[in-house]
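Structure, as structure tokens:
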Amino acid sequence: MQYQNILVSVENGIAVLTMNREKALNALNRQTMEELKAFFETDAHTIEGLKGVIITGAGEKAFVAGADITEFQGFSAEDGKMLAKRGQDTFFSIERFPKPVVAAVNGFALGGGCELAMACHLRIAGEKAKFGQPEVNLGLIPGYGGTQRLIQCIGKTKAFELLMTADMIGAEDALRLGLVNYAVPAGEEVAKAKELIEKIATKAPVAIAKIIESVTAYFKEDVDGFAKEVDYFGECCGTEDFVEGAAAFVEKRKAAFTGR
Ligand code: CAA
């Protein structure tokens, strides 16, 4: 797909996807959501030797300041439902992506921006990061999974507080609450995200994909995560990488995984 609002660059097998509507603090308008969907459902799967994806925001100020509020005017209840359903589906495709997806949060991550970060597998917060779900200020609730993933990330007690007060929290609080994996100096978010992806890329790719599927299964009500783990463990045992990993351990050498 030809992108207008996101930039994608690939270097050393790591795709950096930059949300690129700086003047609107990278707000997620309809077009941007279509582009994210196309990237995670189609385009990213064609990148040769992909190790992982980093999502970050253009400019100094914002990761993503939420859904584009200017598109909400004149919205009916039905329009709202469709927007939320489409947005959730797009974020599911990020959560289900078989390689690590890391949010490098360089500024405001509000509303849909916080939800986008939470749909990623890992989150790095720079010093300027500000997280929040301010939808109640607009007479709304989060629509891209925020009421569910915030509880998953930080627990019900603090999730209720952030969702009902619309308070913003900075990188240190986000780290303390378990909303992010690391807090780093401003400007170092992408470098830290790359470091994590490089480390994960030394592991067996099928096992990493199955970790993503297993952990995601935990949060699906209609899925028995323990049963999934049994299936995926079996699938991993059937891979060449398992043979290689076990042999490398016994031979006291580094495993050379191929993803088969
Ligand atoms: N949608 C559309 N435009 C936005 C935007 C958004 N979510 N957030 C910021 N912008 C625009 C502003 O309108 C402004 O545009 P103009 O220069 O044309 O006036 C520009 O970005 C810069 O923003 P500010 O001048 O407001 O910058 P600031 O530093 O004073 O404030 C801010 C920054 C606190 C992030 C403030 O912009 C803000 O509160 N933004 C809205 C945040 C929000 O409510 N997000 C939730 C959206 S709803 C949602 O996401 C629902 C969902 O779950 C799907």
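Counting starts at 1 for both ligands and their atoms, following the listed order.
- Protein residues having at least one heavy atom under 4.0 Å from any atom of ligand 1 are Lys23, Ala24, Leu25, Ala27, Lys61, Ala65, Gly66, Ala67, Asp68, Ile69, Phe72, Phe108, Leu110, Gly111, Gly112, Glu115, Pro134, Glu135, Leu138, Pro142, Gly143, Tyr144, listed by chain and number.
- No more than 12 heavy atoms of other residues, nucleotides or ligands shown are found within 6.0 angstrom of CE on Met82.
- Using a 4.5 Å cut-off between side-chain heavy atoms of Ile, Leu, Val, Met, Phe, Trp and Tyr, Leu7 forms no hydrophobic cluster with any other residue.
- Inspection of the Glu35 and Gln31 side chains reveals an N or O donor paired with an N or O acceptor under 3.5 Å.
- Counted within 6.0 Å of CZ on Phe233, heavy atoms from surrounding residues, nucleotides or ligands total 12 or fewer; the atom is thus considered open.
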Without placing hydrogens or testing angles, list every side-chain donor-acceptor pair under 3.5 Å for residues 12-21, not counting sequence neighbours.
| residue | atom | partner | partner atom | Å |
| --- | --- | --- | --- | --- |
| Arg21 | NH1 | Ala27 | O | 2.8 |
| Arg21 | NH1 | Asp68 | OD2 | 2.9 |
| Arg21 | NH2 | Asp68 | OD2 | 3.2 |

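- Screening residues 74-124 for ring pair (Phe, Tyr, Trp, His ring centres under 6.0 Å) gives Phe40-Phe97, His45-Phe97, Phe72-Phe75, Phe91-Tyr144 as the qualifying pairs, with residues at least two apart or on separate chains.
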